[in-house]
K.L.:
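Please see the structure below; I have some questions.
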Amino acid sequence: MSTQTTKSYHEGAYLSLMKGLKELDLNGPFVPCDLVLNGDHAFPLAINSQGQVLMAASRYGRGRIVVLGHEGYLVVFPALVENAVTWLRGEGSHNLTVGVNNYVKPIADNLIKSGFKAKVVGSFSDSREVGVYVTDAYGVEADAKDLVAFLKAGGGVLIAGQAWHWASTKPKENTLLQFPGNKVSAVAGIYFTAHCGKVEILPVYPQIPSSWMTLRVRKNVEEDLKILLQGVSEFDLTDDLFGSEALVHGPLAFPIGTTEDGRPFLAGSYYGRGRVVVITHEAPLTSHQLAPFWKNAIDWLDQGRKGVIGVQPNHNLLSQSGLKYKETAFRTDLSVFVCRAYENQPVEEIQDFVAEGGGLLIGGHAWYWAQSHPGKNPITDFSGNKILNTLGLSLMAETIPGGSYKATVPSHEMTYTCHFRNLLRSFAGHVTQGKELSKHEGKQLEKLGLECSNFLMMKSYDSYSYTQVLSILTDIVKKSGMPQVSEENPVKSPKDHMLLRLGKAVYDVSPDPEALLSYLIKDNHMPFVYNRKLRISTITADENEWISTGLYLSPGMKTEMILPANIVNKNWTIQIGCQTDYLPQDELKRARSVCERFPVTAEKMQVWNLWGGLIYLVAPPNTKVEGAEVMVQIAVRAPYYKSGVTTAADWLSLRTAPAPWAEFEFDNVILTVPSDVVRKLERPDEVAALWNDIMKGIADLAAKPNTFSRKERFVADVQISAGWMHAGYPIMIHTDSATELFRPDSAKTAGLWGEIHELGHNQQRSCWEFSPHTTECTCNLWSVYVHEEVLGLKREKAHPSMILTNRKNTVDKYVKGGKNLSDWNMWTALETYLQLQERFGWDAFKKVFAAYQQMSNFPSENDAKMNLYAETFSQTVGMNLSALFKAWSWPIDRATEEILSNMPPWSDHPMVQYD
């Protein structure tokens with residue numbers, strides 16, 4: 001048992017309700033029932049050692065409710081009843097009369113003795129003038145509608161009873177919906193259940209009690225699934241559809257349709273007296289093949305009322321189902337409302353509609369919204385989740401591919417581990433009590449880490465269910481610590497993967513993150529600098545650009561930045577960290593994601609990163625800023641060299657700056673490497689000269705201005721997402737290659753093939769690229785050009801594949817294989833371009849690239865693009881090259897040959913010998 005630390009409305013209510021109580025002695029003749037708490041507002045007053053909730057409180061609308069797990073407790077705990085009645089009145093209530101149902105009449109005498117005005121009544125209908133109503137849970141069915149309205153309008157309800165006896169006499173009834181007390185208390189998220197509670201003496205904690213053992217699904221949904229899946233054998237989601245993965249997190253939520261590895265795309269939930277079904281893409285709501293399922297779902301949501309089915313207009317939802325429905329905006333008199341997740345619906349009204357018995361069917365995905373709203377939180381900001389989070393379901397940014405998925409009632413183990421609460425409960429027991437995880441649970445820990453991250457993104461500190469999970473996850477982190485991932489200590493096991501992700505997720509949302517740091521980060525001490533002022537000037541083209549500050553934040557360190565007003569709310573971002581690769585590998589040498597971004601939304605911003613990182617300002621495309629001043633309150637100096645600004649003497653001082661990352665900004669490229677790589681570097685000016693020449697060569701071949709519109713970036717990391725190096729902004733390389741960047745003499749003897757290959761990738765353009773054939777080919781034109789024309793290293797010395805015998809073998813193999821274009825890739829394809837270069841020189845390529853820059857309306861298919869290239873190159877050199885391209889099996893068509901027919905043919909091209 002642990003206690004919450006998050007202060008909230010619930011904490012104040014709990015203190016009021018338990019005022020003066022030291023313990024609750026539940027030993028005696030009364031056997032209570034276990035209570036289920038659902039939604040945001042319900043919280044426990046008493047939890048036994050088995051994790052069963054025996055007393056609880058909540059609010060609904062403007063009113064309040066207290067639920068006790070046995071009516072006998074109304075007599076046994078008079079002080080608790082007095083506290084409850086006082087709290088239920090609410091602050092500032094002028095109505096001091098308490099209505100007491102005749103079945104619990106002794107309570108009235110106790111209240112009167114304590115100075116309350118109590119009125120004994122036969123039913124709630126006889127007590128319309130009271131402020132608080134006290135009743136047992138058995139005779140309220142006739143008054144349920146009025147009691148809910150009373151509660152919603154600001155009244156207080158104290159209700160006590162147990163449902164296990166009722167359920168034993170009505171085994172076919174749905175206790176959650178049909179037990180009389182639940183027709184009142186369920187709207188506030190508290191349910192009486194058929195399960196007996198263990199009785200014992202319970203201490204009264206100074207904060208709301210919390211136990212990881214309460215984390216479990218609280219309803220056997222086998223009967224629900226039989227109804228929902230009757231006559232349904234599969235869910236055909238079509239191959240081109242991508243849905244979101246659903247997060248099933250409420251105690252009464254459950255998966256309906258899942259992938260083979262247990263990721264839900266269709267789920268349901270009980271909420272209050274109503275129900276909800278969510279499909280994680282809206283397209284299936286218009287599917288004829290899924291009509292049988294939608295009929296089942298509507299029946300389940302309607303609960304036998306045969307009421308009006310309202311469907312959001314203009315989207316053809318359920319149009320293929322054969323169901324009778326009315327196109328309408330949301331109305332409270334509907335039985336079931338069907339809508340998409342994208343439109344802004346009346347959130348609270350829909351949640352109350354479901355709580356009071358309505359059915360909700362909603363479809364949509366959050367992944368596209370997340371991609372198109374960078375910097376936003378899809379769990380809290382996406383319209384569908386504003387409704388769904390409280391109902392126990394959420395749409396995540398992670399995707400599920402289309403396809404056909406079997407529609408079968410899942411096995412108990414699959415259902416168990418598909419649910420966030422169940423899997424978290426098992427993991428919490430594993431960490432706190434050493435309980436063994438099943439083999440299947442162990443395989444699901446990566447999924448649990450992802451779900452924990454998404455759940456915590458709700459940041460719903462006013463929700464007890466959220467703060468309870470946050471408290472439990474915080475305890476797990478403190479108990480286990482976080483793996484100190486590094487090259488020497490890679491993370492391999494599912495448990496360590498889970499803890500690595502969890503530590504970061506908990507830190508990001510913790511009300512007291514500083515208190516967690518010692519459990520997450522070790523050895524984190526560096527000297528700081530204060531109030532560093534920087535001036536930034538930039539003109540960006542059609543891409544964003546990182547602006548270096550030369551400053552670093554230590555892991556977990558926070559700083560304030562003062563920013564100029566003219567960049568606030570203008571799509572600028574503060575970025576902490578240069579390592580933007582997300583790592584998909586099973587073995588990690590650093591965390592999967594270590595970069596943090598903060599949209600600039602105010603002139604004063606607080607920023608941080610658990611992993612630490614260099615501080616950047618990221619300028620949006622097509623923006624201009626001159627001399628804007630930025631101040632960083634506290635940071636760590638980084639070794640930072642900038643051509644034309646940093647002197648040789650400056651560098652000798654800067655190279656010992658304590659930050660673990662160093663940055664070198666030259667004319668057209670920026671190199672970011674671990675500081676240890678350059679601590680002994682004496683001549684950064686020679687490195688600058690090398691890279692300035694290389695980048696000039698890159699621009700020359702591309703027929704572009706020598707000043708890049710955006711400087712290229714290299715970042716050397718302990719692990720990258722793919723390959724030995726990969727292109728992008730930044731180009732990522734492994735730290736093992738970092739020293740190569742700073743050895744001008746070595747570059748001119750051993751070359752820099754890989755680095756220039758990636759720079760070549762960044763020059764490729766789809767109009768003259770023939771994917772997948774030339775993806776790893778045309779980038780090497782820059783490798784050959786720069787090595788020969790800039791570094792003075794002949795091509796056969798630059799790479800083994802460029803040796804003449806190897807080149808000849810490549811061509812021979814292609815010819816012997818039948819010259820199939822499917823085999824025309826990488827080195828084979830490069831040979832075509834080298835034959836052109838060796839006959840027409842590099843200037844021909846420069847002119848071709850320049851010609852493409854003047855064109856528009858390019859074809860998209862490879863055949864047409866290859867014909868355009870053959871035509872353009874032929875016209876550039878004034879010779880008909882169609883014979884060469886056809887010899888390489890390019891699909892040169894008759895129209896292209898006719899266009900080139902008036903030019904002299906290249907009749908002695910190198911492939912003639914293979915004819």
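Here, residue 1 is the first one in the sequence, and each next residue gets the next number.
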K.L.:
Could you list the residues that satisfy salt bridge (charged side-chain N to carboxylate O under 4.0 Å, His left out) with E356, not counting sequence neighbours?
P.N.:
K152

K.L.:
Would you mind writing out the side-chain donor-acceptor pairs for residues 110-119 within the sub-3.5 Å range, not counting sequence neighbours?
P.N.:
{"residue": "S114", "atom": "OG", "partner": "E82", "partner atom": "OE2", "Å": "2.5"}
{"residue": "S114", "atom": "OG", "partner": "N110", "partner atom": "O", "Å": "3.2"}

K.L.:
Any sub-3.5 Å donor-acceptor pair from D136's side-chain atoms to A160's backbone N or O?
P.N.:
no

K.L.:
Could you check whether any side-chain N or O of T280 sits under 3.5 Å from a backbone N or O of A246, counting only pairs where one atom can act as donor and the other as acceptor?
P.N.:
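Not confirmed, T280 side chain does not pair with A246 backbone.
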
K.L.:
How far apart are the closest heavy atoms of P209 and I47, and which atoms are they?
P.N.:
O-CD1, 3.4 Å

K.L.:
Heavy-atom count around E200 CD within 6.0 Å, excluding the residue itself: above 12?
P.N.:
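Counting neighbours around CD of E200, more than 12 heavy atoms of other residues, nucleotides or ligands fall under 6.0 Å, so yes.
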
K.L.:
When the ring centroid of F150 is compared with that of Y133, is the distance short of 6.0 Å?
P.N.:
no

K.L.:
Going by atom types alone, do Q207 and E11 pair a side-chain donor with an acceptor below 3.5 Å?
P.N.:
no

K.L.:
Given the rule in the side chain to side chain donor-acceptor pair (under 3.5 Å) test, do S383 and N344 qualify, once you have shown the distances and angles that lead to the verdict?
P.N.:
CA-CA 6 Å; S383 55; N344 290 318; 4.6 Å; no

K.L.:
Assess, by modelled atom type and distance only, whether the side chains of N48 and Q52 contain a donor and an acceptor separated by less than 3.5 Å.
P.N.:
yes

K.L.:
Report the distance from atom NE2 of H249 to atom CG of L424, rounding to the nearest 0.5 Å.
P.N.:
13.0 Å

K.L.:
State plainly whether the residues K219 and D224 are in salt-bridge range, i.e. N to O under 4.0 Å.
P.N.:
yes

K.L.:
Atom OG in S463, atom NE2 in H10: separation rounded to 0.5 Å?
P.N.:
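Spacing of OG (S463) from NE2 (H10) equals 6.5 Å.
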
K.L.:
Is the backbone of G51 close enough, under 3.5 Å, to the side chain of T214 for a donor and an acceptor to pair up by distance?
P.N.:
no

K.L.:
Hey, are the side chains of I190 and L37 touching, using non-hydrogen atoms and a 4.5 Å cut-off?
P.N.:
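Yes; the side chains approach each other to less than 4.5 Å.
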
K.L.:
Counting N and O atoms only, with roles assigned by atom type, does the side chain of R421 sit under 3.5 Å from a partner on the main chain of V217, one being a donor and the other an acceptor?
P.N.:
no

K.L.:
To the nearest 0.5 Å, how far apart are CG in L266 and OG1 in T258?
P.N.:
9.5 Å

K.L.:
For a quick test of reading the model, state the closest non-hydrogen atom pair linking L215 to Q468 and the distance between them.
P.N.:
CD2-OE1, 4.1 Å

K.L.:
Between M458 and T380, which heavy-atom pair has the shortest distance, and what is it?
P.N.:
O-CG2, 3.2 Å

K.L.:
Is the side chain of Q303 donor-acceptor paired with the backbone N or O of R273 at a distance under 3.5 Å, no angle test?
P.N.:
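Judged by distance alone, yes, a pair lies under 3.5 Å.
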
K.L.:
Kindly say whether N385 contributes a backbone atom to a donor-acceptor pair with the side chain of N389 at under 3.5 angstrom?
P.N.:
yes

K.L.:
Are any non-hydrogen side-chain atoms of L301 and L361 less than 4.5 angstrom apart?
P.N.:
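L301 vs L361: side chains touch.
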
K.L.:
Counting C-beta onward and ignoring hydrogens, is there a side-chain heavy-atom pair between F337 and Q345 closer than 4.5 Å?
P.N.:
yes

K.L.:
Side-chain polar contacts of residues 65-76 - donor-acceptor pairs under 3.5 angstrom, sequence neighbours left out - could you list them?
P.N.:
{"residue": "H70", "atom": "ND1", "partner": "G72", "partner atom": "N", "Å": "2.8"}
{"residue": "E71", "atom": "OE1", "partner": "Y138", "partner atom": "OH", "Å": "2.6"}
{"residue": "E71", "atom": "OE2", "partner": "Y138", "partner atom": "OH", "Å": "3.4"}

K.L.:
Just wondering, do S471 and T474 contact through their side chains at under 4.5 Å, heavy atoms?
P.N.:
no

K.L.:
Roughly how far, to the nearest 0.5 Å, is CD of E348 from OG1 of T390?
P.N.:
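Answer rounded to 0.5 Å: 9.0 Å.
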
K.L.:
Decide yes or no on side chain to side chain contact (heavy atoms under 4.5 Å, CB included) for T175 and F192, but give the supporting numbers first.
P.N.:
CA-CA 8 Å; T175 304; F192 299 89; 5.8 Å; no

K.L.:
Using side chain to side chain contact (heavy atoms under 4.5 Å, CB included), reason through L516 and V477 one step at a time and then give a plain yes or no.
P.N.:
CA-CA 8 Å; L516 276 176; V477 169; 4.3 Å; yes

K.L.:
Which atoms form the tightest heavy-atom contact between W212 and A428, and what is the distance?
P.N.:
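Result for this residue pair: CB-CB, 3.6 Å.
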
K.L.:
Just so I know, are the side chains of E349 and F330 near enough to count as touching, which here means a heavy-atom distance under 4.5 Å?
P.N.:
yes

K.L.:
Within the side chain of S168, is there an N or O that forms a donor-acceptor pair under 3.5 Å with the backbone of H165?
P.N.:
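Yes, because the side chain of S168 sits within donor-acceptor range (under 3.5 Å) of the backbone of H165.
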
K.L.:
At their closest point, which heavy atom of F43 faces which heavy atom of A13, and how far apart are they?
P.N.:
CZ-CB, 3.6 Å

K.L.:
Is the CD atom of E129 crowded by more than 12 outside heavy atoms at less than 6.0 Å?
P.N.:
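Open: at most 12 neighbouring heavy atoms sit under 6.0 Å from CD of E129.
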
K.L.:
Would you name the heavy atoms of N38 and P251 that are closest together and state the gap between them?
P.N.:
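Smallest heavy-atom distance, with atoms named: OD1-CD, 3.3 Å.
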
K.L.:
How far apart are the C-alpha atoms of W300 and Y270, what are their side-chain angles, what is the distance that settles it, and do they pass the ring-ring contact (aromatic ring centres under 6.0 Å, His included) test?
P.N.:
CA-CA 11 Å; W300 185 76; Y270 284 73; 5.8 Å; yes

K.L.:
With rounding to the nearest 0.5 angstrom, report the CG to OG1 distance, L334 to T328.
P.N.:
6.0 Å

K.L.:
Quick check: does any side chain N or O of Q50 sit under 3.5 Å from a backbone N or O of G197, one acting as donor and the other as acceptor?
P.N.:
no

K.L.:
R305 side chain to G357 main-chain N or O, any donor-acceptor pair under 3.5 Å?
P.N.:
yes

K.L.:
Considering only heavy atoms from C-beta outward, does the side chain of Y464 approach that of D40 to under 4.5 Å?
P.N.:
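Counting from C-beta outward, Y464 and D40 never come under 4.5 Å.
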
K.L.:
How about Y103: does its OH atom have over 12 heavy atoms from other parts shown lying under 6.0 Å from it?
P.N.:
no

K.L.:
Compare all side-chain heavy atoms of V248 with those of L393 and state whether any distance is below 4.5 angstrom.
P.N.:
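Result yes, sub-4.5 Å side-chain heavy-atom pair found.
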
K.L.:
Go through it in stages, so that I can follow the logic: the residues are L24 and I201, the test is side chain to side chain contact (heavy atoms under 4.5 Å, CB included), and I'd like the CA-CA distance, side-chain angles, deciding distance and then a yes or no.
P.N.:
CA-CA 6 Å; L24 298 171; I201 298 174; over 6 Å; no

K.L.:
Is the gap between the ring centers of Y461 and Y466 under 6.0 Å?
P.N.:
yes

K.L.:
With a 4.5 Å cut-off on side-chain heavy atoms, are N102 and S123 touching?
P.N.:
no

K.L.:
Roughly how far apart are L80 CG and L21 CG, rounded to 0.5 Å?
P.N.:
6.0 Å

K.L.:
Centroid-to-centroid, F179 to Y191, below 6.0 Å?
P.N.:
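No, the ring of F179 stays outside the 6.0 Å limit from the ring of Y191, centre to centre.
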
K.L.:
Are V276 and L388 close enough, and set up right, to give a side chain to side chain contact (heavy atoms under 4.5 Å, CB included), and what steps lead you there?
P.N.:
CA-CA 9 Å; V276 58; L388 288 168; 4.2 Å; yes

K.L.:
When the aromatic ring centroids of F455 and F420 are compared, is their separation below 6.0 Å?
P.N.:
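Yes; F420 has its ring centre under 6.0 Å from that of F455.
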
K.L.:
Salt bridge (charged side-chain N to carboxylate O under 4.0 Å, His left out), that's the test. Do D34 and R216 meet it? Break it down for me.
P.N.:
CA-CA 13 Å; D34 187 11; R216 58 186 185 272; 3.1 Å; yes

K.L.:
Do any N or O atoms from the side chain of N83 and from the backbone of L17 form a donor-acceptor pair under 3.5 angstrom?
P.N.:
yes

K.L.:
Quiz question: by atom type and distance under 3.5 Å, do the side chains of S335 and D302 form a donor-acceptor pair?
P.N.:
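Short answer, yes.
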
